[in-house]
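Counting starts at 1 for both ligands and their atoms, following the listed order. Numbering of residues begins at 1 and proceeds along the displayed sequence.
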Amino acid sequence: MSQGAGIDSILKENRVFAPPHEFAVASRVPSLERYQELYDLAERDPEAYWAGVALDLRWTKPWTQVLDWQPPSARWFDGAETNLSHNCLDRHLATRGNRAALIWEGEPGDARILTYQQLHRETCRFANVLLRLGVRQGDRVAIYLPMVPEAAIAMLACARIGAVHSVVFGGFSAEALRDRINDAGAKLVVTADGGYRRGKVVALKAAVDAAVERAPSVERVVVVRRTGDKVAMEPGRDSYWHELVEGVSDKHEAASLPAEHPLFILYTSGTTGKPKGIVHTTAGYMVGVYSTTQMVFDLKDNDTYWCTADVGWVTGHSYVVYGPLLNGATTVMYEGAPDFPEQDRLWKIIDKYDVTIFYTAPTAIRAFMRWGEQWPMRHDLASLRLLGTVGEPINPEAWMWYRQVIGGGRCPIVDTWWQTETGAIMCSPLPGATPTKPGSCTRPLPGIAMDVVTRDGTPVPPGQGGLLVVRRPWPSMLRTVWGDPERYARTYWSDVPGCYFTGDGARRDEDGYFWVMGRVDDVINVAGHRLGTMEVESALVAHPAVAEAAVVGRPDDLKGQAIVAFVTLKGGTGARLEPGEDARKALMAHVVTEIGAIARPDDIRFTDALPKTRSGKIMRRLLKEIAAGGETKGDTSTLEDISILARLRADDE
Ligand code: WTA
């Protein structure tokens, strides 16, 4: 399916699914009218609306002002003090101390269940360990772990003492980890001796050793023993988690932190080669993820909720760890691959724990479709009552398959649009209220002012494509880019006057439903993960044999987009690589080393030169068309060397 065909079929999409009656009557927001009331209420007085939500949570000091907005800088709940870890754990001890907070399943089949009381104790212990190791309020801690309970514990412990965590996805390479550690100036790294992925051990500690070699800020490394494999331990720097916590008190009073105290940094791709450290702060983020988890997933006391995201991504932060715990829910965490040992692993886990709410990515759903419905059919999925998706536009075919095969035709689907920057879900059906249309994230949540506009901020009429913006600050919005406030202002608040620009294109239909069409900038979405084409380009040109590189996305049935790199090799007598299969392999391996396997190009094409405008800008539009195998359309008169285009296309045939 080509990009064009995808958009066409969305345009033709006119199926509407009303929330099932039994679901609606039992849900928190039981009708579209009720949603509209809430929405209108929040529009009339957004600050009062958010203050009302915030009152559900515990504060050690009240706020003096709900919002202080000095564009583009927002302060929410100023004057207040609170603690996210306290709200996730201590707040529930009296009422649900013995309820399962975290159900963890390891890839080899081992499992751990931590009640709220146990998770609280482990978190307090590790908070005390961090303090002993000299970590103080505002210090940065890098977390580079597999999906093990210690990942959540480490995050909660940082939040508890006011240290700023920077979780780095375990699939990133040593180089990528080092860049992130250095950018944040992390003092301590939490890692593991390894993690299981498809039956193999991912050697995280070795990557940390390589990264820390040139990361002068790092004083200590804490190693979780997961696989039991022998790893190098540097005396004085490295210690095992289980040894550190031994005999340490499991009592710790959460620090009372100012509302705007930085909570975490999470790196995400932008349009330059350097990932940006998105900064979220304590109170606003807490209020945003608390209320969206409750509303969008219609959480009930007897739910067992499972979001399959890795904690290394924002979805793992907001909807594996913080959102469910803030609501006192039971959250499931799975360490490994969905097809290990067989392609029914996820369905087996749903069956085993009677999961009621399941939240995953369209790219995963397309893989499940490809594997076939015999896998889910082997298991009893009757416990499921609600399904969710996130990360990229979902094609209606995958949506229908998800509904029928996984949801048995009875579960509503919440297609949730949001970003690392937004911290929490912005646009999504409320499952008991909003009729759904396959492929649409439907309508913004109460308090969120989304719009589709032209470059000058004028709203576009229904049915017409435009830029997706948010017109007003919201509590869980990013506050800045770590160490680069100018980049924050420029990237998000300067493209469209007076608005936060998401980087996405979208249209709205006659019912006010949003249809997100994907990125309009040089960011591509590969298997639900954002990658800047510039990042991959920088990695390629860092190879001594590469003269120049341009990277574009090509539509891909499974991954949404695939990465295609156009590469010019250095020529002359000193040429280090000849175009061909060997060079292709070498460059792919090089990108994996520089960034990680998620950035491995699916295709590398060698060319003598890249098509450029007279001002020297690479004509990506043309490259995209070539990569997609289509005709090159439109004006090419600005091409510096038209023959390059011809050559590229000839190679294509
Ligand atoms: C895309 C992930 C369509 C979008 C939470 C956005 C979506 C980017 C959806 C953010 C959705 C996410 N429908 N597109 N439901 N959800 N996206 O920062 O392009 O990893 O800008 O956050 O993913 O990706 P990020």
Using a plain distance cutoff, I'd like to know if [X] has any nitrogen or oxygen under 3.5 Å from a nitrogen or oxygen of ligand 1.
X	answer
E421	no
R530	yes
D415	yes
T315	no

Worksheet entry | Minimum heavy-atom distance between Y49 and A42, given as atom pair plus value | CG-CB, 3.5 Å
Item to complete: Specify whether Y322 and Y285 have parallel, tilted or perpendicular ring planes, treating 30° as the upper limit for parallel and 60° as the lower limit for perpendicular.
Response: perpendicular
Worksheet item: What orientation do F368 and W401 show, parallel under 30°, tilted 30 to 60°, or perpendicular over 60°?
Response: tilted
Worksheet item: Would a line drawn from the ring center of Y500 to the ring center of W493 be shorter than 6.0 Å?
Response: yes
Could you list which atoms of ligand 1 come closer than 4.0 Å to a heavy atom of [X]?
X	value
N525	1 (C), 23 (O)
V390	5 (C)
T420	18 (O), 20 (O), 22 (O), 25 (P)
T416	9 (C), 11 (C), 15 (N), 16 (N)
V314	5 (C), 22 (O)
V516	3 (C), 14 (N)
R519	19 (O), 21 (O)

Worksheet item: Does F172 have R180 sitting over its ring (NZ/CZ under 6.0 Å from centre, angle to axis within 45°)?
Response: yes
When you measure from the side chain of [X] to the backbone N and O of [Y], does any donor-acceptor pair fall under 3.5 Å?
X	Y	value
Y305	Y319	yes
R403	G409	yes
E392	N525	no

Practice prompt. Check each of Q419, H317, E392 against atom 11 (C) of ligand 1 and report the one with the nearest heavy atom.
Written response: E392
Worksheet item: Any idea which of G439, G316, G391 brings a heavy atom closest to atom 1 (C) of ligand 1?
Response: G391
Fill in: Partner of C307 by side-chain contact (heavy atoms from CB on, under 4.5 Å), out of V332, V320, T293
V320
Worksheet item: Pick one: which of V289, L263, T420, V167 meets side-chain contact (heavy atoms from CB on, under 4.5 Å) with H317?
Response: V167
Worksheet entry | Structural part of P393 in contact with ligand 1, heavy atom criterion under 4.0 angstrom | both
Fill in: Nearest non-hydrogen protein atom, atom 4 (C) of ligand 1
D504 OD2, 2.9 Å
Practice prompt. Measure the distances from the heavy atoms of W418 to every atom of ligand 1 and state whether one is below 4.0 angstrom.
Written response: yes
